[in-house]
Colleague: 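After the structure tokens below, expect a handful of questions from me.
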Protein chains: 2
Amino acid sequence: MKKILIVGGVTGGASAAARLRRLNEEDEIILFERSEHTGCAGCGLPYYIGGVIEERRKLLQTVSGLAKRYRLDIRCGSEVLSINRDDKSITVREKETGETYEESYDKLVLSPGSRPTVPDLPGMDEAENAFTLKDVQDADVLKKALMTLTPKHAVVVGGGFGGLAMAENLQRLGLTVTIVEKKRQVVGAFDFEMAQILHRELNVHGVGLVLDDGVSRFENKGKTLVLESGRTLDCDLSILTMGVKPESGLAQRAGLRVSEAGYVVTTQTYAALDADLLTPVDGIYAIGDVVQVQNFVDKQPDAAGLAGPATRQGRVLADHLAGLPTVNNGLQRTSILKIFGKTAATTGNNVVRLKKMGISYQEVHAHRLCHADNYPGASLIDLKLIYDPKTLKILGAQAVGKEGVDKRIDVISTAMRLGATIRNLACLELCYAPPYSTVKDPVNILGTIAGNISEGVYKTIPWDEIEGVVTDGGFLLDVMPPEEFDKGHISGAVNIELDCLRERLDELPQERGLPLYICSGTGQRAYTAVRLLRGCGYNNLYLLSGGYATYCDGTYQPNA
Amino acid sequence: MKKILIVGGVTGGASAAARLRRLNEEDEIILFERSEHTGCAGCGLPYYIGGVIEERRKLLQTVSGLAKRYRLDIRCGSEVLSINRDDKSITVREKETGETYEESYDKLVLSPGSRPTVPDLPGMDEAENAFTLKDVQDADVLKKALMTLTPKHAVVVGGGFGGLAMAENLQRLGLTVTIVEKKRQVVGAFDFEMAQILHRELNVHGVGLVLDDGVSRFENKGKTLVLESGRTLDCDLSILTMGVKPESGLAQRAGLRVSEAGYVVTTQTYAALDADLLTPVDGIYAIGDVVQVQNFVDKQPDAAGLAGPATRQGRVLADHLAGLPTVNNGLQRTSILKIFGKTAATTGNNVVRLKKMGISYQEVHAHRLCHADNYPGASLIDLKLIYDPKTLKILGAQAVGKEGVDKRIDVISTAMRLGATIRNLACLELCYAPPYSTVKDPVNILGTIAGNISEGVYKTIPWDEIEGVVTDGGFLLDVMPPEEFDKGHISGAVNIELDCLRERLDELPQERGLPLYICSGTGQRAYTAVRLLRGCGYNNLYLLSGGYATYCDGTYQPNA
């Protein structure tokens, strides 16, 4: 019989506790939770604010249920103050009484999670209309404020996952909303041209975007935000969603190794398999948002802040403690968000991270229907696939669209996790009937496009380089029908419709070896043109990745 | 320069022609199509009848567009009568003029597809109200008949994919519909208990089901169907959807090898990679519905009748003819159908086929929400996973539900194609946010349940064996809350609620080694009970797979 203490009862901690009990009736399991509740569904909070999730209790797992079913000693309202490594105990303070006591352990599991980053800005102390949203208590406070302040205009500071969800839900309540984001784009998980699709969606739904700018101070009791650019924004309410920080203070004070960014560093001396959840101190384990994990693609340190990985870590840890074999292959960063009519999802690494890590990549863009054109309701999905041009292994993918986005990213995530190449993607046998997909699923198409590129018949040029090429005198051929071309095209492009290309070859530069750049609406017709031109002897062909559609995404001008 | 003739312009043939041209500007490509059109979207036909697809042209690819873009010589209304292997030519008859001519080839691609099976039953000749639906011409005829006959009651003969789609769409037009199916279930791709969910859905929407019975003759000019059981059904209209037969007459007459079931047998002397599309005769290739392919799971002969594989085969063949490396790993049987509010999808082999092939398997059932409970609109998905109990490799999966079914089967199909085990499923990092999934996705859960079983702590018992066990005196423990138990349970079950189990162990047989059968609503609580009982020394535990929910599915009584 072991005595196992778990610090933190949300996600990872709750998952570990339940699995530990299932595997062992004997162990004593005590779970310490600082707040009043365990298992709060953090991702649901903005929807609760917006009234999409109507019942507060739906955000909570009842403690008594968990405690009874799994015979757990759950102590809510209990803050763990310190770890006393020498005598293997912790010091706990009961919040209600203020009393402290010690509790000994055989095994100690740290799952304290993270807390919102709140900057210390001038004027913030007096800004009673500025809120954060990390737990149910925060939600209660914000709900009340929305009633009493009856705000008309809100500013959301920070354009991450949480910020976007807040913007949508505040808008749902009838507020006008402006997002202020320090980087040039929202949601850093996406590459710029993909995030731009979200920018457009936000603007279309009336949400203003102030990018490349941050809040420097609060004035007028929080009713005026002064930005770093000097610009001011008036608001009745502001929500600070500027990311989260790991709650690693306890671990740090106990002398556990903590990374520069504040994550608990887990040992690499154990087998790589479960490296993600063990600290170097025997008997102490860490899981969830607080730990530094290994990135699946580049094998470098990373951090998740995601419920799925935290839950899995809880289970893996329980298995490890029970002596069962465990597997934990690192963090893939699969994530998803809903913003108004769009869903955006991603898995693996984006180009930003790959560049930072010095990993070479090839990217592919596609714009495909979520299901057969002839079945009602077909809408476009904008997709991006990133792969290793040498091994052809998938490095990441991103998608934004109205329907079927989660499916495509889940399929690619699965393929990636199993070591698939782009060739595997092309041959996947996925569900096809008109309401669900096209005969070749968009995922097949991504694999096919990448396969075409890998045949070496042509190269791609990204959306942000094509203007420069044309300016420098490059020949850009647009093969769309003239009526499409007239609606919009890249300045300097020469229009020869695909179906007439064979007859109008004399209008192209005759020197077969000179670079020729080819564009169409989404890249599909351009590809057919590329093959045709190759068949006619042209051998230095560049296809504009994702066509005019991706170019338009990339060059979109967001407005406030 | 080669001269390539393609017989059949739908799906596989069209796909091969386009890719062939993309890879080669020089070749002469002639495509012969018996009907007036190429690229008819067969799967869309029932929806066109039902008015979901409104425009007829949406079912067709325009021939002229394809012909111009890919410089193809497309000859519609042209029937290929024979292959003259000695002089490498074919004989073609122009349907309009009745004239015949010969056309020589370097390479001949057969993609003739399949045709509906129409039995030769007494009285059929006079049944002017009996129809089939294979192509746009059939659809035109049926649409007209629906106008002129103004039928009230229809009988759909055959409960396959096509039959169900027809039933739904006729119902949409206001007809009452009865399905007559010779087997004891509709859609043979699903195992019985999963098909039963479709039976219930059909009944709920007013579609009658006559199972285990076939039509023996037509009487009263087709207005009365006499069944094999002697029962009679009156109807104003009948649709015969009794499966399809490969159009292999041409191949057969040319002396190509054809299987007993009528599929063109492809050579195994070539590398296994492209075995699926080559006939043993040099210069003649076959693709699509007409060929016998290799089953991905059991490596035995199989046939698809699916658009996806046919399209891929077209591409693979073109690559092969161009000297590019090709991959074709066999048929996985991934398919999907929509029936009223439900989607049903499957991949891999079902238990029926595995049993036939003598392959040992373990099955797992789960009933999980498509997305987080706290986000509106969460509905249940009924899932089944089948895997090899030794290698733990996935052999197949089936799912039925309202939302998110296609995603889960696509993910499992991808995992399967890449050789995943159940352990891989458990660790997949899939998209999670409340509108899309649960923290552990249903696919993770299937992998987790299978993993739990593989730990050897308990065994499962299927829904169709539990009654016999109880009759023979076995102890069946139902751990649902009493109020749930009272709503419905398996006869003879003893109810002890999970959360009281620890305190009421004395109500169980005390002999730890005797078999103990445990049941709950979906199997989830039963699993927790199993772990608890194991912890208390019980070591011969059986969990009812899928719980009471799967038992109810399996024992449902369909009605006509």
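Keep in mind it's a predicted model, so treat the numbers as computed, not measured.
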Colleague: Is the side chain of A:Asp410 donor-acceptor paired with the backbone N or O of B:Cys431 at a distance under 3.5 Å, no angle test?
Modeller: yes
Colleague: Go through A:Val52, A:Ile336, A:Leu501 and name the one with the most non-hydrogen pairs under 4.5 angstrom from chain B.
Modeller: A:Ile336
Colleague: Could you tell me which portion of A:Ala426 (side chain, backbone, both or neither) has an atom closer than 4.5 angstrom to a non-hydrogen atom of chain B?
Modeller: backbone
Colleague: Quick one: what part of B:Arg21 sits under 4.5 Å from any heavy atom of chain A, side chain, backbone, both or neither?
Modeller: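 Just the side chain, heavy atoms under 4.5 Å.
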Colleague: Of the backbone (N, CA, C, O) and the side chain (C-beta and beyond), which part of B:Asn424 lies under 4.5 Å from a heavy atom of chain A, both, or neither?
Modeller: side chain
Colleague: At a heavy-atom separation under 4.5 Å, does B:Leu337 approach chain A through its side chain, its backbone, both, or neither?
Modeller: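 Answer is backbone: N, CA, C or O of B:Leu337 sit under 4.5 Å from chain A.
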Colleague: Start with the C-alpha distance between B:Thr347 and A:Glu429, add both sets of side-chain angles, then the distance that settles side chain to side chain contact (heavy atoms under 4.5 Å, CB included), and finish with yes or no.
Modeller: CA-CA 9 Å; B:Thr347 189; A:Glu429 203 183 307; over 6 Å; no
Colleague: Using heavy-atom distances under 4.5 Å, tell me whether B:Thr448 contacts chain A through its side chain, its backbone, both, or neither.
Modeller: both
Colleague: Could you tell me which portion of A:Arg423 (side chain, backbone, both or neither) has an atom closer than 4.5 angstrom to a non-hydrogen atom of chain B?
Modeller: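 No part of A:Arg423 comes within 4.5 Å of chain B.
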Colleague: Only counting residues at least two apart or in another chain, list the ones meeting salt bridge (Lys or Arg N to Asp or Glu O under 4.0 Å) with B:Glu503.
Modeller: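 So B:Glu503 forms a salt bridge (Lys or Arg N to Asp or Glu O under 4.0 Å) with A:Lys68.
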Colleague: Using non-hydrogen atoms and a 4.5 Å limit, figure out which bit of A:Tyr527 sits close to chain B: side chain, backbone, both or neither.
Modeller: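 Side chain only.
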Colleague: Can you check whether A:Glu455 reaches B:Leu23 side chain to side chain, under 4.5 Å on heavy atoms?
Modeller: yes
Colleague: Measure B:Glu54 against the heavy atoms of chain A and call it side chain, backbone, both or neither at under 4.5 Å.
Modeller: neither
Colleague: With heavy-atom distances below 4.5 Å as the criterion, would you say the side chains of B:Arg22 and A:Asn452 are in contact?
Modeller: no
Colleague: Is it the side chain or the backbone of B:Arg534 that comes within 4.5 Å of chain A heavy atoms, both, or neither?
Modeller: neither
Colleague: Run B:Arg69 and A:Leu498 through side chain to side chain contact (heavy atoms under 4.5 Å, CB included) and show every step you take.
Modeller: CA-CA 7 Å; B:Arg69 178 157 306 163; A:Leu498 172 61; 3.2 Å; yes
Colleague: In chain order, what residues pass the salt bridge (Lys or Arg N to Asp or Glu O under 4.0 Å) check against B:Asp302, with sequence neighbours excluded?
Modeller: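 Testing B:Asp302 for salt bridge (Lys or Arg N to Asp or Glu O under 4.0 Å), a comparison that skips the adjacent residues, returns B:Arg333, B:Arg353.
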Colleague: Most heavy-atom pairs under 4.5 angstrom with chain B, which of A:Thr438, A:Val439, A:Asp406?
Modeller: A:Asp406
Colleague: Given a strict heavy-atom distance threshold of 4.5 Å, which part of B:Thr343 is in contact with chain A: side chain, backbone, both, or neither?
Modeller: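 Both the backbone and the side chain of B:Thr343 come within 4.5 Å of chain A.
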Colleague: With a 4.5 Å heavy-atom cut-off, do B:Tyr70 and A:Thr528 have their side chains touching?
Modeller: yes
Colleague: Could you check if a side-chain atom of B:Ser413 sits within less than 4.5 angstrom of a side-chain atom of A:Leu428, using non-hydrogen atoms only?
Modeller: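 Not in contact.
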Colleague: Between A:Lys338 and chain B, which part of the residue has a heavy atom less than 4.5 Å away: side chain, backbone, both or neither?
Modeller: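 Both the backbone and the side chain of A:Lys338 come within 4.5 Å of chain B.
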